[in-house]
2 protein chains.
Amino acid sequence: MTVTIKDVAKKAGVSPSTVSRVLSGHPRISLETSRKVKVIMEEMGYTPNMMAKSLVSKTTNSICIILPKPAEELFSNLFFMELIRGIVTQSSRSGYDVLISSGANEKEELEAVSRLLKGRRVDGVILLYSRKDDAVIDFLQSGGYPFVLVGRSDRYEDILSVDNDNIMAAYDATNHLISMGHERIGFVSGPPNLIVSRDRLEGYRTAMQSKGLEMKNEWIVEGEFLQDSGYRAMSFFMNLPNRPTALVAVDDMVSFGVLRGLNELKYKVPEDLAIVSFNNIPLSELSSPPISSIDIGIYHLGYTASQVLIQSIQKPGNQDGYTNRFVIPHRLIVRESSMYAPGK
Amino acid sequence: MTVTIKDVAKKAGVSPSTVSRVLSGHPRISLETSRKVKVIMEEMGYTPNMMAKSLVSKTTNSICIILPKPAEELFSNLFFMELIRGIVTQSSRSGYDVLISSGANEKEELEAVSRLLKGRRVDGVILLYSRKDDAVIDFLQSGGYPFVLVGRSDRYEDILSVDNDNIMAAYDATNHLISMGHERIGFVSGPPNLIVSRDRLEGYRTAMQSKGLEMKNEWIVEGEFLQDSGYRAMSFFMNLPNRPTALVAVDDMVSFGVLRGLNELKYKVPEDLAIVSFNNIPLSELSSPPISSIDIGIYHLGYTASQVLIQSIQKPGNQDGYTNRFVIPHRLIVRESSMYAPGK
DNA sequence: CTGTGTAAAGCAAACGGTTCCATAAGGAGG
DNA sequence: CCTCCTTATGGAACCGTTTGCTTTACACAG
């Protein structure tokens, strides 16, 4: 039915090994033979069987993305899709296919990863989120399988990872507000167990300190990456005696909550409260007013993750002494929500 | 290095074929042998090599999703991610892996599909969007490869597809407004070359006609699935002498544009203009006011697509005389944007 | 005791490639 | 003219499984 290397060989009057060599560009094949074989391959519509190839070469030219379990929320969805696009684009440029996998729980996830890697269906794995993925990461590490983490992990120093410099990003965001003339700046953080929350908080603190600005404890509130947190934080802040004139929010969704609340109370943004947040989701520029945000380059994050992984697959001895943490640059996008210099 | 079926066989003192049969639950294996082999497999940490398996079985237990090219827009991203989740979940339940592929242009896309299918890397394909995919669809059809289309195609009657009943959905949306007491209802459509635009327009028309309501041409405007279209449509409608009291928009993004415009002009929703739109993206309930929307069950669309495809892979003779168009139910979610009964 | 039926397991040939080793044909050097 | 390289190709083993066909070993009927 399907045309194999042998069929091509027979028709071309050469041996299968010759055809194989033509395919792989082996140096010791005469130009004439090579051309002849190529023509015949074309004629017969030959496509190499990847399974057979993989079997002997012990290589699949494909990688796998492990999706965290639920991923139901808006930002997650946008984030993952953007990441996937970056990964798929880069992988495809490098000639790799991308598998998506996920499990209902950590056990299933581990089983899937093990099956894919030990079963030689993929050459490496991209892990999203640095939750407490101990089991999966341990498996990958002890098995010596190539993998890269998107997001930072503090537990493992020696694994490949791609991430932003969230400390610096938060520093930049805060500093932007300071340079606009703000002195009382609030911060809405995320869950304290996430490294990203901690890093961003640290960046905020550093900026405030370095400018000698006061940092009241009541100006820092914890929340989730959700609208509600913003809404609550807003009403808390606005009732403070000496309330902040600006705030940094750990995620754009939080800003939307803040915005909604301020709107209901007839406050004006940025005049009554200036806002900067993180992630620059497509909606940030669509809200009214548009929100200033730190673009973390999600697509780029995915693109680089794929690049790093494939590199590590192709030359496993990547211990060049170089770093194994890759930092994707961020970029502050200033929009209306922070374009106001407060009078003293 | 890795443990193969032969290693297991040797250690168990049986032949490789016996091990293989244990694996596949062959009936003619004694319980005793089966148990012994299983224990040893466990001990040695044996995982079957998928490539070898695929090579002989001519089956890969994996399917492929073809992502349309750019997919940069907000809705696309949300849509695709949701769809992917549905597909991955179902596939994983059926024991299939999912590959994601895309091409920069139609030619690349065709090459990728051809390579994957002819190269026996996947067993079937899920196509998203029914653009003028002639080349890819033609290839799949003429090659007899299993595939399913998400979205409707009018050109091909005999291919598997999963879709909503957009005509009925638009009918329901329109009818909802009518039953609230609206009589002058506008419609903001999408690009006329998309079937989904045409279907939704048709549903609107049917509803209006069936209630004997007048349909002025000026109440129907064409646009894109973007905010801007909504913004423009809004200002057009509001300047009409006898303007609509409600409108149906082909996509939630359009509604957001309408909302923004009305807000700027100090109009109130739903009192001055009631709104219903389609797709029920996560933001619909977060805007102010929350927007009534038709939920089209994107996750379900993906879930079903995977199901249908895998079924068709497993028993190719799926011409049971049954339909090959699978319709996913939609659901009207009524929110504040349409909760107002206009006085005459 | 021989013939037959049946259950359990082994043998070996695929599946479609790759690659090491061998071979044949020139051409160069002595 | 013979030997030795070099270059282009062929042969065959192997990658890890599956599976049709045998073989083996009993058990039982005749």
Side-chain angles (χ1 to χ4, degrees), chain A residues 1-38 40-41 44-62 95 114-123, chain B residues 1-38 40-41 44-62 95 114-123:
Chain A
M1 188 61 233
T2 38
V3 25
T4 78
I5 219 172
K6 285 174 195 162
D7 302 327
V8 174
K10 192 175 297 173
K11 187 145 181 182
V14 299
S15 77
S17 23
T18 301
V19 177
S20 172
R21 284 192 256 258
V22 168
L23 230 39
S24 61
H26 189 102
R28 284 231 240 284
I29 288 289
S30 74
L31 211 62
E32 189 194 7
T33 310
S34 171
R35 262 203 287 263
K36 182 177 62 185
V37 169
K38 276 179 184 158
I40 301 213
M41 290 194 318
M44 303 181 73
Y46 169 75
T47 308
N49 181 315
M50 301 309 286
M51 295 304 141
K53 196 177 228 169
S54 290
L55 181 56
V56 42
S57 71
K58 292 181 181 318
T59 246
T60 63
N61 268 49
S62 45
S114 162
R115 182 178 56 81
L116 290 171
L117 248 9
K118 293 182 69 181
R120 288 238 141 71
R121 198 188 204 61
V122 303
D123 298 339
Chain B
M1 186 66 233
T2 38
V3 26
T4 76
I5 219 171
K6 286 176 194 161
D7 302 327
V8 175
K10 192 176 296 174
K11 187 146 182 181
V14 299
S15 77
S17 24
T18 301
V19 177
S20 171
R21 285 192 254 258
V22 168
L23 230 40
S24 62
H26 190 102
R28 281 232 240 285
I29 290 289
S30 75
L31 212 60
E32 190 194 6
T33 310
S34 172
R35 260 203 287 263
K36 183 178 59 183
V37 169
K38 275 180 184 157
I40 300 212
M41 290 196 316
M44 303 182 72
Y46 169 75
T47 309
N49 182 315
M50 301 309 287
M51 295 304 141
K53 196 178 228 170
S54 290
L55 181 57
V56 40
S57 71
K58 291 180 181 323
T59 247
T60 63
N61 269 48
S62 46
S114 161
R115 182 178 55 81
L116 290 170
L117 248 9
K118 293 183 67 183
R120 290 238 139 73
R121 198 188 204 61
V122 302
D123 298 339

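Per chain, numbering begins at 1; letters A, B, ... match sequence-line order. Not measured: the values here are computed from a predicted model. Side chains are part of it too, since the values below use all heavy atoms of this structure and drop only hydrogens, waters and symmetry mates.
With hydrogens and angles ignored, the 3.5 Å screen pairs no side-chain donor or acceptor of B:Asp123 with any backbone N or O of B:Thr59.
Distance NZ (A:Lys58) to C1' (D:dT17): 13 Å, rounded to an integer number of Å. In this structure, the CG atom of A:Leu55 is 6 Å from the C1' atom of D:dG16, given to the nearest Å. One can place CZ of A:Arg120 at 15 Å from C1' of D:dT17, the figure rounded to the nearest angstrom. One interatomic measurement links the two molecules: NZ of B:Lys118 to P of C:dC15, which rounds to 19 Å at whole-angstrom precision. A straight line from NZ of A:Lys53 to C1' of C:dG17 spans 9 Å, rounded to a whole angstrom. The separation between A:Met51 atom CE and D:dT17 atom P is 15 Å, rounded to whole Å. Taking atom CZ on A:Arg121 and atom P on D:dT17, their separation rounds to 14 Å, with Å as the unit.
Interface residues of residues 3-17 of chain B facing DNA chain D, ordered by number: B:Thr4, B:Ile5, B:Lys6, B:Ser17; criterion, heavy-atom separation under 4.0 Å. Of the residues in residues 19-37 of chain A, those with a non-hydrogen atom less than 4.0 angstrom from any atom of DNA chain D are A:Arg21, A:Arg28, A:Ile29, A:Ser30, A:Thr33.
Considering all non-hydrogen atoms of both residues, B:Val3 and B:Tyr46 come closest at O-CD1, 3.3 Å. For B:Ser54 against B:Thr60, the heavy-atom pair with the smallest separation is OG-CA, 3.6 Å.
Of the candidates D:dC15, C:dA9, D:dT17, the closest approach to any side-chain atom of B:Thr18 belongs to C:dA9.
In A:Lys38, the NZ atom is not crowded: 12 or fewer heavy atoms of neighbouring residues, nucleotides or ligands sit closer than 6.0 Å.
One side chain, A:Ser15 or A:Thr18, offers a donor N or O that lies under 3.5 Å from an acceptor on the other.
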task = Walk me through it: do A:Leu55 and B:Asn49 pass the test side-chain contact (heavy atoms from CB on, under 4.5 Å)?
result = CA-CA 8 Å; A:Leu55 181 56; B:Asn49 182 315; 4.3 Å; yes

task = Could you please spell out the steps behind the side-chain contact (heavy atoms from CB on, under 4.5 Å) verdict for A:Asn61 and A:Lys53?
result = CA-CA 10 Å; A:Asn61 268 49; A:Lys53 196 177 228 169; over 6 Å; no

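Side-chain contact check for B:Arg121 versus A:Ser62: some heavy-atom pair is nearer than 4.5 Å.
Listed by chain and residue number, A:Thr47, B:Ser114, B:Phe139, B:Tyr145 satisfy the side-chain contact (heavy atoms from CB on, under 4.5 Å) test with B:Lys118 (two or more places apart in sequence, or in another chain).
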